[in-house]
Amino acid sequence: MTPPSIASRLLPWYQQSGRHDLPWRQSRDPYLLYLAEIMLQQTRVETVKPYFRRFLARFPSWQALADASLDEVLALWSGLGYYARARNAHAAARMVVDRFQGEFPTDLVQALELPGVGRSTAAAVLASAYGQRQAILDANARRVLFRYHGLTGSMRSPQNERLLWQLAEQETPAMAHDYNQAIQDLGALLCLSRKARCDECPLLGPCAGPCEPTQIPQPEKPVRYACFLLLRTEDGCVLLEKRPNRGIWGGLWALPWYALAGANEVPELAETLRNWAREEYGLRPQLGEWHSWQRHTFTHFHLEYRVIEADISVYGVGEGRRALFPFAPEQLAQLALPSPLRRLFS
DNA sequence: AAGCCGTGGAG
DNA sequence: TCTCCAAGGCT
């Protein structure tokens with residue numbers, strides 16, 4: 001007892017009610033479509049729009065992106081999050097230029113060789129850029145297919161994962177480009193995760209209804225504590241260090257991060273910080289004002305941090321184990337900074 | 001396979 | 001204030 005195909009009802013609705021004004025909707029440029037797909041991973045459309053505009057203006061082609069420094073790429077990604085996407089996009093552009101003759105692959109297997117391009121992203125680009133019949137399975141398509149076919153259990157269970165991909169392939173018509181956009185619009189506009197607007201849905205009837213996947217209880221996020229050292233030189237520069245490409249804020253510029261065991265004040269914390277600054281960075285800062293506690297939530301932990309101001313009179317690069325670089329206040333806006341630091345400096 | 005990787009809006 | 005979650009992919 002299989003329900004009728006989704007496409008027959010979905011496509012007319014899409015023509016009428018779809019989001020046809022999105023900046024990447026009209027183009028068939030593989031580079032532009034690729035960039036949109038990467039930025040949209042785990043990220044809302046409205047958040048992406050201004051980043052997409054700026055990024056495309058500065059890096060309008062594979063070649064432009066490949067020629068850029070990673071530092072500048074990250075600077076334009078700053079605030080968008082999941083910075084591995086930017087590092088991967090930079091590497092992918094170089095791979096397209098060097099290995100694929102400057103063209104996004106037309107073959108799914110080759111597209112999957114690009115770092116940061118998984119099955120759904122590759123399929124989305126091949127469908128929209130080249131008109132191929134390729135099925136996507138993003139959060140929207142997942143939710144729509146899950147409900148339409150009345151699935152039960154967890155969305156992410158291996159069984160449902162296989163089943164959802166199978167359904168995605170099965171439902172995707174030859175006009176995959178329009179269908180892929182349409183099912184994403186349906187998920188974003190009507191088939192919402194919390195309150196599905198079934199009364200307006202073109203799939204009402206054959207759809208099994210707004211059945212919900214069984215929620216896997218998410219483990220509580222642990223809280224970590226830290227203080228950030230805001231070091232200023234006598235000529236007003238701020239000292240920043242480049243974070244390693246792995247881990248939180250990979251490749252971005254940040255303040256020295258001293259991990260604390262807890263939120264409780266330690267009597268000798270100032271002395272500890274001075275010793276740490278000397279051993280790690282070769283500095284002898286004069287500590288100043290504490291900022292108030294702030295909370296920043298990452299994917300898998302909360303960070304409670306406070307900034308402490310500090311002045312240094314003598315500064316030389318390379319005196320400690322870890323390098324710090326001075327930046328004048330007017331330079332900071334152009335840097336690849338994580339959001340909390342962009343706020344701090346603004 | 002499950003943990004890792006950001007951020008901001010919605011409720 | 002807090003949790004949830006959004007055009008996922010990598011290790």
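Hydrogens, waters and symmetry mates are skipped; everything else that's a heavy atom, side chains included, is used. So you know, we letter chains A, B, ... as the sequences are listed, proteins then strands, and number each from 1.
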Asker: Under the ring pair (Phe, Tyr, Trp, His ring centres under 6.0 Å) rule, collect the residues that match up with A:W276, sequence neighbours excluded.
Answerer: A:Y258, A:Y281
Asker: Would you kindly compare A:P158 and A:T299 by the position of their nearest DNA chain B nucleotide and give the one closer to the 5′ end?
Answerer: A:P158
Asker: Mind calculating the distance between CH2 (A:W165) and C1' (C:dG8) to the nearest angstrom?
Answerer: 10 Å
Asker: Quick one: label A:V48 by what it contacts on the DNA or RNA (base, sugar-phosphate, nothing), any heavy atom closer than 4.0 Å.
Answerer: nothing
Asker: If the plane angle is over 60° it's perpendicular, under 30° parallel, otherwise tilted; pick one for A:F298 and A:W257.
Answerer: parallel
Asker: Going by atom type alone, with no hydrogens or angles, which donor-acceptor pairs under 3.5 Å involve a side-chain atom of residues 90-97 of chain A and a protein atom two or more places apart or on another chain?
Answerer:
{"residue": "A:H90", "atom": "NE2", "partner": "A:A68", "partner atom": "O", "Å": "2.8"}
{"residue": "A:H90", "atom": "NE2", "partner": "A:R94", "partner atom": "NH2", "Å": "3.4"}
{"residue": "A:R94", "atom": "NE", "partner": "A:A66", "partner atom": "O", "Å": "2.8"}
{"residue": "A:R94", "atom": "NH2", "partner": "A:A66", "partner atom": "O", "Å": "3.1"}
{"residue": "A:R94", "atom": "NH2", "partner": "A:A68", "partner atom": "O", "Å": "3.1"}

Asker: Figure out the CZ/P separation between A:R87 and C:dC10, and round it to whole Å.
Answerer: 12 Å
Asker: Holding to side chain to side chain donor-acceptor pair (under 3.5 Å), I want the full list of residues that pass it with A:Q166, two or more places apart in sequence or in another chain.
Answerer: none
Asker: Take nucleotides 2-7 of chain C nucleotide by nucleotide from the 5' end and write B, S or -, depending on whether a protein heavy atom sits under 4.0 Å from the base, only from the sugar-phosphate, or from neither.
Answerer: --BBBB
Asker: Which residue pairs pass the salt bridge (Lys or Arg N to Asp or Glu O under 4.0 Å) test when at least one of the two sits in residues 28-46 of chain A, sequence neighbours left out?
Answerer: A:E46-A:K49
Asker: Pair up each side-chain donor or acceptor in residues 330-340 of chain A with any protein partner under 3.5 Å, not counting sequence neighbours, and list the distances.
Answerer:
{"residue": "A:Q331", "atom": "OE1", "partner": "A:A328", "partner atom": "N", "Å": "2.7"}

Asker: Would you list the pairs meeting salt bridge (Lys or Arg N to Asp or Glu O under 4.0 Å) in which at least one residue belongs to residues 196-205 of chain A, sequence neighbours left out?
Answerer: A:R197-A:E200
Asker: Determine the Euclidean distance between corresponding C1' atoms of B:dG3 and C:dA7; express it in Å to zero decimal places.
Answerer: 22 Å
Asker: Could you tell me whether A:I248 contacts a base, only the sugar-phosphate backbone, or nothing, with contacts defined as non-hydrogen atoms closer than 4.0 Å?
Answerer: sugar-phosphate
Asker: If you walk 5' to 3' along DNA chain B, what is the first nucleotide with an atom under 4.0 Å of a heavy atom in chain A, and what is the last?
Answerer: B:dC4 to B:dG11
Asker: My understanding is that only residues two or more places apart in sequence, or in another chain, count here; which of them pass side chain to side chain donor-acceptor pair (under 3.5 Å) with A:H302?
Answerer: A:R295, A:T297
Asker: Rounded to the Å, how far apart are A:L164 CG and C:dG8 P?
Answerer: 14 Å
Asker: Using side-chain contact (heavy atoms from CB on, under 4.5 Å) as the criterion, list what pairs up with A:D67, not counting sequence neighbours.
Answerer: A:Q63
Asker: Tell me which residues in residues 334-346 of chain A put a heavy atom below 4.0 Å from DNA chain C, sorted by number, or none.
Answerer: none
Asker: Under 6.0 Å from the ring centre and within 45 degrees of the ring axis: does the NZ or CZ of A:R54 meet both conditions for the six-membered ring of A:F52?
Answerer: no
Asker: With sequence neighbours left out, what residues match A:R119 under side chain to side chain donor-acceptor pair (under 3.5 Å)?
Answerer: A:E169
Asker: Taking the P atom of each, how far is C:dT11 from B:dG6, in whole Å?
Answerer: 14 Å
